J.: 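Next up is a structure, given as structure tokens.
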Amino acid sequence: MEVIIQPDQDAVARLASQIIAKDLRANAHLVLGLATGRTMEALYQSLVGKCKTDKLDFSLCTTFNLDEYVGLAAEDAHSYHSYMCKHLFKHVNIDMRNTHLPNGLATDLDAECVNYENLIKKFGGIDLQLLGIGKAGHIGFNEPLSALLSRTRVKALTPTTLSQNATLFDSQTEVPRRAITMGVGTILDARKCLLLATGIDKAEIIAKAVEGPITSMISATALQLHRKCTVVVDEAAASKLQAADYYRWIFNNEPEWEEFR
Ligand code: GLP
């Protein structure tokens, strides 16, 4: 795991978009794993800017989103499908036929999950998986006690997640109680992972995810097992990391990061 500490939320978004742009320029057929949430909004804005001004080309890339609520139609304003259209798909030259999200309205949800896994395999697996982190440490919607080898499946959301996401709905009662999510194992299969976190509210969970023991209670800790996982945080989210100075030294001195400094 590598941790990169940036001054603020905008710098996190800028750096993450540079990392994604580099991979997309190197491979126009990139299979990109996408995430939702407030943290991703600035990143998507930055990618839209790169598409418009630097001609970053999304036309051949394929995307798979981490998760979708059960019971919401794609057109529902609160669905992750709508989120992706609003923040990214509508503004870049992506071919909508190459974008994938689980169908939260599938009549056979278990079959939908198996099909989603198979589709990812058919495209050769995910090259770069973007991740946010929930306040209780979930990646995707892998709530506490998610098996560290789990695959795409339906998960019931915890009260913490329901209230965290309630602000995006009209009232807490409207937040769907279940979601289809890639499993922790599905995420670990991605060739690269890129986790973003910003703000003081994420400081404690970032310290646990990066420096704490691996536990299924906090699915983000499983990323410690990944061969190529980069965590980009702002100063606020980094404020509880014990080895922050070491991470800063690596970013400022290792040749791998030279072009991003
Ligand atoms: C939801 C998503 C997660 C995301 C999390 C954090 O729970 N399913 O994938 O990481 O929100 O959201 P935010 O960036 O708004 O803190």
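These numbers come from a predicted model, not from an experiment. Heavy-atom basis, side chains included; hydrogens, waters and symmetry copies ignored.
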J.: Measure from the side-chain N and O atoms of D234 to the backbone N and O of P7, and report whether any donor-acceptor pair falls under 3.5 Å.
T.: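 Here the side-chain-to-backbone pair does not exist.
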
J.: Evaluate the side-chain proximity of T62 to L32: yes if any heavy-atom separation is below 4.5 Å, no if none is.
T.: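 No, their side chains stay 4.5 Å or more apart.
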
J.: Answer yes or no: is there a donor N or O on one side and an acceptor on the other, between the side chain of N103 and the main chain of L105, under 3.5 Å?
T.: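 Judged by distance alone, yes, a pair lies under 3.5 Å.
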
J.: What distance do Q45 atom CD and H91 atom NE2 have between them, rounded to the nearest 0.5 Å?
T.: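 The CD atom of Q45 sits 9.0 Å away from the NE2 atom of H91.
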
J.: Would N27 and D127 satisfy side chain to side chain contact (heavy atoms under 4.5 Å, CB included), going step by step from the backbone distance to the final call?
T.: CA-CA 10 Å; N27 173 14; D127 292 308; 3.8 Å; yes

J.: Same cluster or not: I250 versus I4, using hydrophobic residues (I, L, V, M, F, W, Y) connected whenever any side-chain heavy atoms lie under 4.5 Å apart?
T.: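 Each belongs to a different hydrophobic cluster.
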
J.: With respect to E2, which candidate in R227, K228, R248 satisfies the salt bridge (charged side-chain N to carboxylate O under 4.0 Å, His left out) definition?
T.: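 Result for salt bridge (charged side-chain N to carboxylate O under 4.0 Å, His left out) with E2: K228.
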
J.: Is it the case that more than 12 heavy atoms not belonging to E112 sit under 6.0 Å from its CD atom?
T.: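 Yes, CD of E112 has more than 12 neighbouring heavy atoms, counting only those of other groups under 6.0 Å.
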
J.: Taking K192 first and then D23, would you say they form a salt bridge - that is, a charged N and a carboxylate O separated by under 4.0 Å?
T.: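 Counted as a salt bridge, because a side-chain N and a carboxylate O are separated by less than 4.0 Å.
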
J.: Quick check for you: to the nearest 0.5 Å, what is the distance between L195 atom CG and C229 atom SG?
T.: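 So the gap between those two atoms works out to 6.0 Å.
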
J.: On the 0 to 90° scale, with breaks at 30° and 60°, tag the F64-Y116 ring pair as parallel, tilted or perpendicular.
T.: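 Aromatic pair F64/Y116 classed perpendicular.
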
J.: Taking side chain as C-beta onward, heavy atoms only, is I20 less than 4.5 Å from L194?
T.: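 Yes - at least one pair of side-chain heavy atoms lies under 4.5 Å apart.
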
J.: Are H100 and F123, when compared by the centres of their aromatic rings, separated by less than 6.0 Å?
T.: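 Centroid separation for H100 and F123: below 6.0 Å.
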
J.: Side chains of V233 and T198: does their closest heavy-atom pair fall under 4.5 Å?
T.: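 No, their side chains stay 4.5 Å or more apart.
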
J.: Assess whether a salt bridge exists between E143 and K155, defined as any Lys/Arg side-chain N lying under 4.0 Å from an Asp/Glu carboxylate O.
T.: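 Salt bridge flag = no for K155 with E143.
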
J.: Kindly state whether the ring of Y44 and the ring of F89 have centres lying under 6.0 angstrom apart.
T.: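 No; F89 has its ring centre 6.0 Å or more from that of Y44.
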
J.: If we only count heavy atoms from C-beta on, is the Y69 to I180 side-chain gap below 4.5 Å?
T.: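 Heavy-atom side-chain distance check fails, nothing below 4.5 Å.
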
J.: Are L130 and L128 in one and the same hydrophobic cluster, where Ile, Leu, Val, Met, Phe, Trp and Tyr link if side-chain heavy atoms are under 4.5 Å apart?
T.: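 Yes, it is one cluster - the side chains of L130 and L128 are joined through contacts under 4.5 Å.
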
J.: Any side-chain heavy atom of I94 within less than 4.5 Å of one from T63?
T.: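 Yes, at least one pair of side-chain atoms sits under 4.5 Å.
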
J.: Going hydrophobic residue to hydrophobic residue with side-chain gaps under 4.5 angstrom, can you get from M84 over to M40?
T.: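 Both belong to a single hydrophobic cluster.
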
J.: Hey, does the side chain of N142 reach the backbone of I139 with a donor-acceptor pair shorter than 3.5 angstrom?
T.: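 Judged by distance alone, yes, a pair lies under 3.5 Å.
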
J.: Would T186 and L66 satisfy side chain to side chain contact (heavy atoms under 4.5 Å, CB included), going step by step from the backbone distance to the final call?
T.: CA-CA 9 Å; T186 320; L66 281 169; over 6 Å; no

J.: A quick test of your reading: do over 12 heavy atoms of other residues, nucleotides or ligands sit less than 6.0 Å from CD of E117?
T.: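 Above 12, so yes.
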
J.: Mark yes when over 12 heavy atoms from residues, nucleotides or ligands other than E259 sit less than 6.0 Å from its CD; otherwise mark no.
T.: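 Correct, the count exceeds 12.
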
J.: Would you say the side chains of N253 and R261 form a donor-acceptor pair under 3.5 Å?
T.: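 On atom types as modelled, these side chains do not qualify, holding no pair under 3.5 Å.
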
J.: Assess the residue pair E68 and F141 against the criterion (side chain to side chain contact (heavy atoms under 4.5 Å, CB included)); give the C-alpha distance rounded to whole Å, side-chain angles, the decisive distance to 0.1 Å, and a yes or no.
T.: CA-CA 9 Å; E68 179 57 286; F141 270 130; over 6 Å; no

J.: Could you tell me whether a side-chain N or O of S17 sits under 3.5 Å from a main-chain N or O of S46, the two making a donor and an acceptor?
T.: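 The answer is no, because no donor-acceptor pair under 3.5 Å joins these two groups.
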
J.: How far does CG of L72 sit from NE2 of H78, to the nearest 0.5 angstrom?
T.: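 Rounded to the nearest 0.5 Å, the CG-NE2 separation comes out at 8.5 Å.
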
J.: Which distance, rounded to the nearest 0.5 Å, do you find between the NZ of K135 and the CD of Q164?
T.: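 Rounded to the nearest 0.5 Å, the NZ-CD separation comes to 5.0 Å.
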
J.: Going through the distances and angles, do R178 and L157 end up as a side chain to side chain contact (heavy atoms under 4.5 Å, CB included)?
T.: CA-CA 6 Å; R178 295 185 305 152; L157 306 181; 5.8 Å; no

J.: Does one hydrophobic cluster hold both V232 and L34, with members joined at side-chain heavy-atom distances below 4.5 Å?
T.: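 Cluster IDs for V232 and L34 match.
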
J.: Would you say that more than 12 heavy atoms from the other residues, nucleotides or ligands in this model lie under 6.0 Å from the CD of Q242, or not?
T.: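 Atom CD in Q242 is not packed in, count stays at 12 or less.
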
J.: Evaluate whether atom NZ of K208 has more than 12 neighbouring non-hydrogen atoms of other residues, nucleotides or ligands under 6.0 angstrom away.
T.: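 Counting other residues, nucleotides and ligands, NZ of K208 stays at 12 neighbours or fewer.
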
J.: Are M96 and I120 co-members of a hydrophobic cluster defined by side-chain heavy atoms under 4.5 Å apart?
T.: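 No, it is not one cluster - the side chains of I120 and M96 are not joined through contacts under 4.5 Å.
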
J.: Mind checking whether C61 and N98 have side chains closer than 4.5 Å, heavy atoms only?
T.: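 The answer is no; the side chains never approach within 4.5 Å.
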
J.: Can you confirm whether more than 12 heavy atoms, excluding those of M217, are under 6.0 Å from its CE atom?
T.: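 Counting other residues, nucleotides and ligands, CE of M217 stays at 12 neighbours or fewer.
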
J.: Measure the CD-CD1 distance between E235 and I200 for me, rounded to the nearest 0.5 Å.
T.: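 These two atoms lie 10.5 Å from each other.
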
J.: Apply salt bridge (charged side-chain N to carboxylate O under 4.0 Å, His left out) to the pair R151 and D189, showing each step before the final yes or no.
T.: CA-CA 10 Å; R151 312 304 305 186; D189 280 351; 2.9 Å; yes

J.: How many angstroms lie between atom CD of Q18 and atom CZ of R25, to the nearest 0.5 angstrom?
T.: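 Spacing of CD (Q18) from CZ (R25) equals 10.0 Å.
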
J.: Answer yes or no: does atom CG of L225 have more than 12 heavy-atom neighbours from other residues, nucleotides or ligands under 6.0 Å?
T.: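 Result for CG/L225: enclosed.
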
J.: Which atoms form the tightest heavy-atom contact between V70 and P176, and what is the distance?
T.: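 Closest approach of V70 to P176, heavy atoms only: O-CB, 3.6 Å.
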
J.: Does A74 offer a backbone N or O that forms a donor-acceptor pair with the side chain of S79 under 3.5 Å?
T.: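 Yes.
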
J.: Under a 4.5 Å cut-off applied to non-hydrogen side-chain atoms, are T158 and P144 in contact?
T.: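 Yes, at least one pair of side-chain atoms sits under 4.5 Å.
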
J.: If you take all heavy atoms of S216 and S146, which pair is closest and at what distance?
T.: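 Nearest heavy atoms, S216 then S146: CB-O, 3.3 Å.
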
J.: Taking atom types as modelled and ignoring hydrogens, do the side chains of E75 and S82 form a donor-acceptor contact shorter than 3.5 angstrom?
T.: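 Note: E75 and S82 side chains miss the donor-acceptor criterion.
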
J.: Pairing donors with acceptors under 3.5 angstrom, does anything connect the side chains of R177 and T161?
T.: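 Their side chains do not contain a donor-acceptor pair, so the 3.5 Å distance test is not met.
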
J.: Between the side chains of T167 and R38, is a donor N or O closer than 3.5 angstrom to an acceptor N or O?
T.: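 A donor-acceptor contact under 3.5 Å links the two side chains.
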
J.: For the aromatic rings, using the six-membered ring if either is Trp, is the centroid distance between F260 and W257 under 6.0 Å?
T.: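 Here the rings of W257 and F260 have centres that are less than 6.0 Å from each other.
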
J.: Any side-chain heavy-atom pair from L131 and L196 closer than 4.5 angstrom?
T.: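 No, every pair of side-chain atoms sits at 4.5 Å or beyond.
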
J.: For residues T160 and A136, report the shortest heavy-atom separation together with the two atoms involved.
T.: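 Where T160 meets A136 most closely, the heavy atoms are CG2-CB, 4.3 Å.
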
